[in-house]
Enquirer: 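Please see the structure below; I have some questions.
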Amino acid sequence: MSLSVLVGFAGVLVAAVATGLLAGRCAREPRIHFILWTAATLALTVALAAQSMGFDRGFGAATFRAVQLAALLLAPLWLGWGLVELVAGSEAVRFGTRLVSAALIVVAAVILVTDPLTAQPAGTSWPSAGSHFQPVALFALDAVQVVAVLAAGASELLAALRARRDSHWRSALPGVAAVGLAVLMTAGLRAAWPDRSVYPLLGLLAAALVWFGAVRTQPVSGADGPAASDGVAGRAGRDLSLIHGEETGNVLGGHSAASGYPQPARPYGRMLIFTLLDDRVTAFDRLAEQTAEEVRIGEPGTLVYVIHLVPNAPLQRIFYEIYRDRAAFDRHESQPYMKRFVADRRSCVLATNVIELRLKYAKVAPLPGPPSPAAEPVPAGPGGTQPPSAVSQGRPGSRWLEPGPAVGTLPPRGPAWTPAGRPPAGSPYGGA
């Protein structure tokens with residue numbers, strides 16, 4: 001058995017394992033980029049199996065088309081498309097990528113399947129596309145691979161820019177680069193290599209890189225995925241958690257009358273929209289409330305941490321968060337209970353949208369305290385005894401949380417922060 005056949009069989013095994021692992025991830029977190037990368041590794045598995053058969057028994061029209069269609073058309077385009085779904089923050093960009101990619105797949109696949117080959121592949125040597133396809137089919141392959149490479153390159157650039165200011169993207173950047181490299185490896189199957197063993201080796205490495213990329217991009221694939229501008233279905237409902245503040249005065253702006261106008265730290269805000277699995281709502285709420293209590297007790301840099309129900313969408317939960325600055329957010333995310341919450345909630349969540357917020361104006365007041373016995377008497381129990389006082393209203397298990405002091409207000413006019421960190425002209429802080 002030749003080396004190329006052995007490498008091909010090893011590639012089938014690696015690609016099949018990667019496909020199974022990614023499929024399991026898709027079952028737990030059915031996100032578009034995971035689905036696309038799973039489909040890409042499945043395509044590589046098919047292509048590697050066809051290569052192994054061709055290197056062992058000789059290529060025919062069926063094995064030739066299988067390799068070209070799966071490894072040179074579907075795999076690179078699905079990988080590049082998945083990178084855009086992961087990295088792009090604009091819904092318009094993602095929607096446009098879906099339209100272009102779907103159209104290319106349909107048109108190019110039809111061309112490659114129906115192309116009357118200029119020569120029938122035969123023998124155990126690598127059958128290059130240029131020696132067997134008509135010009136139209138070659139143009140279709142070129143177009144698909146150019147789009148895939150451009151999508152991967154743009155995604156890597158955007159991920160690198162995000163990594164400069166976001167620790168999650170810094171952790172995910174090697175994974176994005178790995179999937180981008182897998183795109184280049186599939187495109188490299190068009191080249192003429194001196195040893196035919198290089199072709200199955202490229203497929204094997206591409207499948208391994210996709211799995212590595214899926215693992216390393218986990219920090220931005222779950223609840224902290226790409227910033228999206230998706231709308232919120234329904235109105236945000238009643239609060240489950242807390243608003244936390246520790247100082248009076250203009251905490252958000254960093255202003256103190258006694259110390260003049262210091263260099264302000266820009267607050268960081270975000271909104272997370274979770275769509276839950278129907279049978280995991282109670283488990284998610286329990287995890288969320290436990291985490292919120294930890295945030296309330298131990299995070300002075302978390303100014304606002306609110307969890308909403310959505311009356312018209314009972315499977316949705318909306319988290320609204322404001323942090324004193326980006327460093328406070330990073331400290332929040334690095335807490336052991338937050339890492340535990342992120343890991344444990346995966347089994348409860350169907351989909352997640354994350355919207356990054358840039359604060360302009362804000363006024364945050366404390367939540368009302370629990371109802372007083374005088375205002376809302378508790379009915380007597382059997383024998384005239386009083387039952388345990390009810391400290392909650394709404395669904396069982398929730399409770400009133402002690403409100404923190406008022407966080408303060410921002411100026412009613414003018415931008416609260418400027419790029420130079422100086423008070424704007426005409427502001428109450430006396431900017432020039």
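Fair warning: this is a prediction, and the values are worked out from it, not measured in the lab.
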Enquirer: Applying side chain to side chain contact (heavy atoms under 4.5 Å, CB included) to F9 and L13, what does each step give before you reach the verdict?
Expert: CA-CA 6 Å; F9 284 147; L13 179 61; over 6 Å; no
Enquirer: State, with a plain yes or no, whether a side-chain heavy atom of I273 is found less than 4.5 Å away from one of Q316.
Expert: yes
Enquirer: How far apart are the closest heavy atoms of P267 and I322, and which atoms are they?
Expert: CB-CG2, 4.4 Å
Enquirer: Can you label the angle between the F55 ring and the W126 ring as parallel, tilted or perpendicular, going by 30° and 60°?
Expert: tilted
Enquirer: Output, in order, the C-alpha distance, side-chain angles, deciding distance and verdict of side chain to side chain contact (heavy atoms under 4.5 Å, CB included) for L272 and Y320.
Expert: CA-CA 7 Å; L272 297 90; Y320 179 67; over 6 Å; no
Enquirer: What's the spacing between R324 CZ and R266 CZ if we round to 0.5 Å?
Expert: 16.0 Å
Enquirer: Heavy-atom count around Y337 OH within 6.0 Å, excluding the residue itself: above 12?
Expert: yes
Enquirer: Between atom NE2 of H33 and atom CG of L79, what is the distance when rounded to the nearest 0.5 Å?
Expert: 12.5 Å
Enquirer: Counting distance only, does the side-chain N/O of T38 pair as donor-acceptor with the main-chain N or O of T19 below 3.5 Å?
Expert: no
Enquirer: Once you round to the nearest 0.5 Å, how far does CG of L117 lie from CG of D115?
Expert: 5.5 Å
Enquirer: Does a salt bridge link K339 with E294, judged by any charged N lying under 4.0 Å from a carboxylate O?
Expert: no
Enquirer: Has the side chain of R162 got a donor or acceptor atom that lies under 3.5 Å from a matching backbone atom of W169?
Expert: no
Enquirer: Evaluate the side-chain proximity of P200 to L48: yes if any heavy-atom separation is below 4.5 Å, no if none is.
Expert: yes
Enquirer: Do the ring centers of F319 and H308 come within less than 6.0 Å of each other?
Expert: no
Enquirer: Salt bridge check, R31 against E85: does any charged N sit closer than 4.0 Å to a carboxylate O?
Expert: no
Enquirer: Would you indicate whether the side-chain heavy atoms of V179 and L209 approach each other to under 4.5 Å?
Expert: no
Enquirer: Between the side chain of S155 and the main-chain N/O of G80, is any donor-acceptor distance below 3.5 Å?
Expert: no
Enquirer: Would you say the side chain of T186 lies within less than 4.5 Å of the side chain of L72, judging by non-hydrogen atoms?
Expert: no
Enquirer: Applying salt bridge (charged side-chain N to carboxylate O under 4.0 Å, His left out) to E91 and R98, what does each step give before you reach the verdict?
Expert: CA-CA 11 Å; E91 179 64 26; R98 294 167 193 168; 3.5 Å; yes
Enquirer: For the backbone of V198 and the side chain of D195, can you confirm whether one donor and one acceptor N or O come within less than 3.5 Å of each other?
Expert: no
Enquirer: Apply the test side chain to side chain donor-acceptor pair (under 3.5 Å) to residues S197 and S4: give CA-CA distance (whole Å), side-chain angles for both, the deciding distance (0.1 Å), then the verdict.
Expert: CA-CA 4 Å; S197 300; S4 57; 4.6 Å; no
Enquirer: Yes or no on side chain to side chain contact (heavy atoms under 4.5 Å, CB included) for T352 and T275, after CA distance, side-chain angles and deciding distance?
Expert: CA-CA 6 Å; T352 306; T275 301; over 6 Å; no
Enquirer: Test side chain to side chain donor-acceptor pair (under 3.5 Å) on R196 and T124; report intermediate values, then the result.
Expert: CA-CA 9 Å; R196 65 180 188 174; T124 58; 3.2 Å; yes
Enquirer: Hey, is CZ on R57 packed in by over 12 heavy atoms from elsewhere, all under 6.0 Å?
Expert: no
Enquirer: Using a 3.5 Å distance criterion without hydrogens, assess whether the side chain of S101 forms a donor-acceptor pair with backbone atoms of W81.
Expert: no
Enquirer: Is the NZ or CZ atom of R345 both under 6.0 Å from the centre of the six-membered ring of F284 and within 45° of that ring's axis?
Expert: no
Enquirer: Grab the two heavy atoms, one from A151 and one from V84, that are nearest each other, plus how far apart they are.
Expert: CB-CG2, 3.8 Å
Enquirer: L276 versus V349: any side-chain heavy-atom pair under 4.5 Å?
Expert: yes
Enquirer: Show the numbers, then the answer: is there a side chain to side chain contact (heavy atoms under 4.5 Å, CB included) between V12 and S52?
Expert: CA-CA 9 Å; V12 171; S52 299; 4.3 Å; yes
Enquirer: Parallel, tilted or perpendicular, judged at 30° and 60°: which one describes the rings of F329 and Y323?
Expert: perpendicular
Enquirer: Under 4.5 Å between any side-chain heavy atoms of H132 and Q68, yes or no?
Expert: no
Enquirer: Donor-acceptor check, side chain of R25 to backbone of F34, threshold 3.5 angstrom: yes or no?
Expert: no
Enquirer: Can you check whether P76 reaches V149 side chain to side chain, under 4.5 Å on heavy atoms?
Expert: no
Enquirer: About how many Å separate CG of L141 and CG of L104, when rounded to the nearest 0.5 Å?
Expert: 11.0 Å
Enquirer: Any chance you could measure F212, atom CZ, to L181, atom CG, to the nearest 0.5 Å?
Expert: 11.0 Å
Enquirer: So how far is it from F95 CZ to S90 OG, rounded to the nearest 0.5 Å?
Expert: 12.0 Å
Enquirer: Can you see which heavy atom on E299 is nearest to which on T302, and at what distance?
Expert: OE1-OG1, 2.5 Å
Enquirer: Please answer whether the main-chain N or O of W37 pairs with a side-chain N or O of T41 as donor and acceptor at a distance below 3.5 Å.
Expert: yes
Enquirer: Is E356 salt-bridged to R270, cutoff N-O under 4.0 Å?
Expert: no
Enquirer: So which atom in G203 and which in L44 form the shortest heavy-atom distance, rounded to 0.1 Å?
Expert: O-CD1, 4.2 Å
Enquirer: So, do F64 and F133 have ring centers that fall under 6.0 Å from each other?
Expert: yes
Enquirer: Which pair of heavy atoms, one from A129 and one from R190, lies closest together, and at what distance?
Expert: CB-NE, 4.2 Å
Enquirer: Salt-bridged, D285 to R317, with N to O below 4.0 Å?
Expert: yes
Enquirer: Does atom CE of M338 have more than 12 heavy-atom neighbours from other groups under 6.0 Å away?
Expert: yes
Enquirer: Tell me the closest heavy-atom pair linking Y199 and A192, and the distance in Å.
Expert: OH-CA, 3.5 Å
